[in-house]
Every structure is written in structure tokens, then in C-alpha cells.
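Atoms within each ligand, like the ligands themselves, are counted from 1 in listed order.
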Amino acid sequence: MTKVNNNEVIKYKAIFFDFGGTLMCAESDNVAHLHMMKDIIQKFNLSASPEDMVVKYNSYLFTKEMTLLDTNPEEKCFTPLRESTKKAFKGVLTEYNIHPSNEDYHWFKEMYYKNHKIYVKLFPETMGIIKYLRNHGSIHIGIISDIDNDYQDFQFNVFGIKEMFDSITTSEEVRSYKPEPKIFQMALNKAGCQAEESIIIGDSYKKDIIGGKNMGMSTIWINKSSEKDTDKNEADFIVTHLKEIFPILNNLIK
Ligand SMILES: [Mg+2]
């Protein structure tokens, strides 16, 4: 924790969480991808290392709009993750001179969900934090996530957490990714509050913190990779681990 912006007392009405890398362990998502590559290697009888294949797969998966790398605002367009995922599946196989059929893609989709169901995990602290907030009066608890609607629904059902949130806002719903204002505004509309009455918690400085602060939200950045934070002035609080947000929230919403 490093910084409090002002001395005024704000009555917060909503707390929003990013999902991937904030409540859900991003490393576990990588483990799912690694197992997917093992399944692909077995099905297509490839002589390849799953680790190398994951790197190739991810290079197709993460579009410029998703990663914010080299994005030219003139060329911005929205691509749902399922399309990027299909492109990644085809792309990685093309590198081994295989051109998958529609049937192969159906197989891949089933295998994709199977591996994500088995390997993707929440952080150990996630349930405790949400339950703590749930017990804290009437504050709105929402999700703001760069995710497709159907995958979000699937994953939240697997974890049994859907009912724990008052609102879930996805990039697919508004057809734009963070830090674009649309997704934040939609979430605020659902919560029925002003940006200044809300807190956003996320692990991406560029997406969650810049995006939230541009709207006027209070921001808590989970800087897990210990990125240099000297010029990260848009974060009101900086922590390195999800569990460190307990005392901050306790203070902000008491
Ligand atoms: Mg994230």
C-alpha cells in the first residue's frame, strides 16, 4: 500500500473486481493451456514440446486489443475471445502443417472446456474476500472482465460463485476491452452509482487502473510481478497480493 489521494471521506457504494489474475489465478489458466497442448500433441501425433506449443498458441490468442501492444487506435476492432481461440488452435496446428477440420475444432472446444474445468483455480483468498464483503452491509459487488459471455458463465458455474456477485460485466457485452470506458460505464450503470462512489481492484495497471481512474473510480492495483511502480500514479493503493486488500477495504468501507 502506498498512497491515499485525498482527505475527503467517500461513502463507497460499489466494489468491482477484475477476474483473470485478480480473483482467478492466471498461472492456473496457463496450466490448462499446457494440458490442452498435450491433448493436441496426442490427437495429432505431433513431435513437439507442450511448452513450445503454448508459446505459439498464446501468440495467436492474445490480440493487440487484448494486450494493448502496438494498438493503433485507427485500427481498433473488437474480437471475442472465442474467435481468437479458434484462430490460435488453427494457427498452432498450421505450424505443424496440419489444417484442422470443423470436426477437429469441435473436438478442441470440448477439450478446451474440459481442461479449463479441471485446472483453472481461484486464488485461495478469493472466497474469503467476497464473503467478507457480502457480510458488509449493502455494498454492490461486481465483476468487470475482458471475457466472453459464455466462457464467463461456464467458469463462474464451475466455481459456484455466480450468485455471489450483484453484477457481472463482460467485454463481449459492450464489445470493447478495458481500458475503454464502455465496460466501466456499463458496470456503474448496473450498480446504480457514480464512478467516484466505486472502487476497482485489478492486476493490470493499463487496463484496470488506468481505465478505472479515467472514469473517476478509486483504484487498488495488485502488482504481482513487482513492476516498477514509480510512475504508476493512477493507483490509489498498490499491493503485491490479493490478501493485502483486506485492511485497505476494511478502512475504505467501514
Ligand atoms: Mg486481470
Side-chain angles (χ1 to χ4, degrees), residues 14-33 54 58 61-69 71 78-82 84-85 88 116 119-127 129-130 133 141-149 151-156 158-159 161-162 164-165 167-174 176-184 186-188 198-215 217-229 232 234-245 248-249:
I15 299 182
F16 297 105
F17 290 89
D18 163 55
F19 188 61
T22 296
L23 296 180
M24 178 271 275
C25 174
E27 287 74 20
S28 72
D29 199 43
N30 263 334
V31 173
H33 288 189
V54 163
N58 286 345
L61 183 62
F62 297 116
T63 62
K64 287 178 184 175
E65 291 76 24
M66 274 294 293
T67 59
L68 307 174
L69 293 173
T71 309
F78 177 78
T79 309
L81 278 168
R82 77 179 65 76
S84 315
T85 302
H116 281 75
Y119 295 107
V120 176
K121 306 289 179 202
L122 297 173
F123 285 112
E125 298 79 15
T126 295
M127 296 298 264
I129 284 172
I130 305 303
L133 292 172
I141 310 171
I143 293 282
I144 300 178
S145 177
D146 281 346
I147 198 169
D148 286 355
N149 294 332
Y151 182 72
Q152 176 274 315
D153 202 46
F154 161 79
Q155 198 71 81
F156 277 50
V158 168
F159 294 135
I161 57 171
K162 198 173 175 179
M164 298 176 84
F165 296 95
S167 70
I168 297 169
T169 307
T170 69
S171 50
E172 186 173 24
E173 192 179 341
V174 295
S176 78
Y177 289 111
K178 293 180 268 184
E180 293 290 309
K182 264 190 192 173
I183 189 166
F184 295 96
M186 175 65 85
L188 289 165
S198 73
I199 301 165
I200 175 81
I201 300 165
D203 69 314
S204 167
Y205 183 79
K206 285 182 176 175
K207 283 169 169 277
D208 304 312
I209 305 309
I210 298 274
K213 188 49 75 177
N214 282 346
M215 301 295 292
M217 296 166 137
S218 294
T219 54
I220 303 177
W221 180 32
I222 305 174
N223 180 14
K224 281 179 296 189
S225 57
S226 300
E227 266 179 70
K228 277 197 171 179
D229 59 17
K232 302 291 192 288
E234 304 298 341
D236 296 314
F237 301 93
I238 302 174
V239 299
T240 55
H241 196 283
L242 183 61
K243 66 186 174 193
E244 294 167 47
I245 70 170
I248 298 173
L249 289 181

*Hey, does Asn58 have a side-chain heavy atom less than 4.5 Å from the side chain of His33?*
yes
*4.5 Å side-chain heavy-atom contact, Ile130 and Ile161*: no
_If you consider just the N/O/S atoms, which atom of Asp18 is the closest one to the Mg ion (ligand 1)?_
OD2
_Exercise: do Glu244 and Thr240 side chains pair donor with acceptor under 3.5 Å_ = yes
*Is there an N/O/S atom in Gly202 at a distance below 2.8 Å from the Mg ion (ligand 1)?*
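Within the cut-off used here (under 2.8 Å), Gly202 places no N, O or S atom near the Mg ion (ligand 1).
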_At a threshold of 2.8 Å, where the distance has to be below it, does the Mg ion (ligand 1) have an N, O or S atom of Asp203 nearby?_
yes
*Under 3.5 Å, side chain of Thr126 to main-chain N/O of Leu122, donor-acceptor pair present?*
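Absent.
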